[in-house]
Every structure is written in C-alpha cells, then in structure tokens.
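Computation of the quantities below employed the complete heavy-atom set of this structure, encompassing side-chain atoms and omitting hydrogens, waters and symmetry-equivalent molecules.
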Protein chains: 2
Amino acid sequence: MTRNAAAGSAATDVFAALANPTRRELLRLLLEEGPQPVQRLASHFDMARPSVSEHLKVLRDAGLISEHRSGRERHYRLEAAPLRRVRDWLTPYERFWREKLANLRDLLDEEEPS
Amino acid sequence: MTRNAAAGSAATDVFAALANPTRRELLRLLLEEGPQPVQRLASHFDMARPSVSEHLKVLRDAGLISEHRSGRERHYRLEAAPLRRVRDWLTPYERFWREKLANLRDLLDEEEPS
DNA sequence: TTGACTGGTAGGAAATCTCCTACCTATTCT
DNA sequence: AGAATAGGTAGGAGATTTCCTACCAGTCAA
C-alpha cells in the first residue's frame, strides 16, 4: 500500500538521507577532505564503525556517494548531483522568502523614513 | 545524553521537518495556494485530520509555518525563512557539482573535438 | 442554550531509525 | 600459510515516527 500520494520517493529519498546530522557531517567531510576510506571517516564520530557503515549505505542508496575499491580499502566519494533535486525543490520558496524580505524592507522604509 | 556531536539541532531541525513527503506537500500547498485552514489542507491527503495536525505541528516547531486564528479556524501560512539554512548548507555542494559538470564537459571536448 | 463545526491533544499500535555486538569475507603482511 | 587489517552484514534493543481513534475546548448559528 503506497500511502504517500505526496511526492519524492526515489529509490531512496535524498531528503530522508539528509535528515540525519551524522550523514550531513559525512557529506561535509567528503566535501572538504575529499574521498577517503571508511575508517578515516569513522574516526570523526563517537560511534562504532558498523554504524557509520550503515549511514554510508543510506547515502549510497540515495546516490550521494560512490564507492571505489582500492585493495582492502573502500574509498567513498561525494556525488553531489542528487542535491540538485533539493536545490530545485527549494527554488520557488527562495523567491517567496525574498519577497517577504522586500516587504519587510518596504515596511521599515515607511515607518522610519530617513 | 546528546549523542549527535555532529551539527544541526535547532529547536527542531529543518532538515528533519523536510524529510517527510506529506510535510513537503503541505509546504507546497501553502506556497501555491496561500494561507489556508487545516481542513482545506487535510482534504488533499488520504489521512485522518489529526495526523495532518501533527505534521503541521512539526512544521510549526521548525518555524516553517505560522498560525493565525480567525474565528474557529486557524490559518496556516508559509514562513520560508528557515529554508535559508538549507540553502546555505547546500551552497558549497552546488559549487562541487558544477565543477563535476565542467569536468565532464572538458572530457567530452577532449574525446570528441569538433 | 443547544447543536454543529474547527482543530488540538492523549494514548497506543505498528513501522522505521539508530545504534550496538558479534561475525563474516577479502586483502595484505610476515 | 597464518595473523592482522578493512569493512560489510545479521540480529536485536531502544528510541522515534507516523498513523489511528477517541476525546477535548473554543466558536458560531439556531
């Protein structure tokens, strides 16, 4: 029974993948420090390594990272492309909040004309 | 025990609020159709009204909507400002995926020089 | 005031998430 | 070959999410 008539559900949802702070931190590490093996990623967290592996699986399923094997290591690399879905979703709201800001500025100009 | 050393946790996390497709749909309705009472929002979903109320509470806690009472109705209005946090988070990745696209284009140019 | 209507909250069931400790395979080193 | 290392998977505990059905208070219309 598909109970979400709403939207989204890719194979796995990018929004859901981003909901967890540990996973956002993993993406940040990959962005700032480049591709790296699991242990190096895991060393940043106060969490058992298998748990990090599971977060990596969620990110992989969402297409946000890719795996590249090198000997017994597996290097994970950021794949930022799916984030375009988020950006695209965000765009119409951006226009909205800009208008609000403009309205606020107009209001301030009215009330306190220099 | 705060177990997320990572990041994020505002009063309630905007990312977490966006993780649910029903809540994203609610935001879309408020964006496209403007402020409206709960029943009109709920009519779009195959879900009991109290459940919609709970989703609205999550959005309210994340600062994404505001409530305005008018008689026995409560009109909910989109408050897009917290989405800037998402936008700001996204920005460095945007640069990254643009570079990747540029690299791909360069590669194509090399392999198939017109 | 009574009855209908709007919408929040309580309590609970079921599903899902997040973490853990084993445990497994594959690779590398000696 | 045998030991050590990298990292995935299984199974499960506990927390959280998501939905439900009552049930409640406030507002409006008769």
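- Atom CG in A:Asp46 sits roughly 8 Å away from atom P in C:dC20 (whole-Å rounding).
- At a cut-off of 3.5 Å, with distance as the only test, a side-chain donor of A:Ser66 or A:His68 sits close to an acceptor on the other residue.
- Residues forming a salt bridge (charged side-chain N to carboxylate O under 4.0 Å, His left out) with B:Glu94 (at least two apart in sequence, or on another chain): A:Arg87, B:Arg87, B:Arg98.
- B:Glu33 and B:Arg40 are joined by a salt bridge, as a carboxylate oxygen and a charged side-chain nitrogen come within less than 4.0 angstrom of each other.
- Atoms CZ (A:Arg49) and C1' (D:dA6) sit 7 Å apart, rounded to a whole Å.
- A donor-acceptor pair is defined here as one N or O able to donate and one able to accept, closer than 3.5 Å; such a pair exists between the side chain of A:Gln36 and the backbone of A:Gly34.
- The distance from atom CZ of A:Arg40 to atom P of D:dG7 is 12 Å, rounded to the nearest whole Å.
- For D:dT17, the OP1/OP2 oxygens have no side-chain nitrogen or oxygen of B:Asn20 closer than 4.0 Å.
- The stretch residues 68-78 of chain B comes close to DNA chain C through B:Arg72, B:Glu73, B:Arg74, B:Tyr76, each having a heavy atom under 4.0 Å from the strand.
- At D:dT18, one or more side-chain N or O atoms of B:Arg23 fall inside 4.0 Å of OP1 or OP2 (strictly under the cut-off).
- Scanning residues 50-57 of chain B for heavy-atom distances under 4.0 Å to DNA chain D yields B:Pro50, B:Ser51, B:Glu54, B:His55.
- For A:Arg72, the side-chain hydrogen bond (donor to acceptor under 3.5 Å, both in side chains) criterion is met by no residue, not counting sequence neighbours.
- Between the axis at the start and the axis at the end of the helix from C:dT1-D:dA30 to C:dT30-D:dA1 there is an angle of 20°, using five pairs per end and rounding to 10 degrees.
- Atom CE in B:Met47 sits about 17 Å away from atom P in C:dG7, given to the nearest Å.
- C:dG8 atom P lies 6 Å from atom CD of B:Glu67, rounded to whole Å.
- Residues A:Leu30 and A:Leu59 are not in side-chain contact: their nearest non-hydrogen atoms beyond the backbone lie 4.5 Å or more apart.
- Spacing between atom CD1 of B:Ile65 and atom P of C:dG7 amounts to 12 Å, rounded to whole angstrom units.
- Taking atom CG on B:Asp61 and atom C1' on D:dT17, their separation rounds to 14 Å, with Å as the unit.
- Annotation: side-chain hydrogen bond (donor to acceptor under 3.5 Å, both in side chains) contacts of B:Glu54 (sequence neighbours excluded): none.
- The main-chain N or O of B:Leu18 is found under 3.5 Å from a side-chain atom of B:Arg24 such that the two form a donor-acceptor pair.
- In this structure, B:Phe15 atom CZ and D:dT17 atom P are separated by 17 Å, rounded to whole Å.
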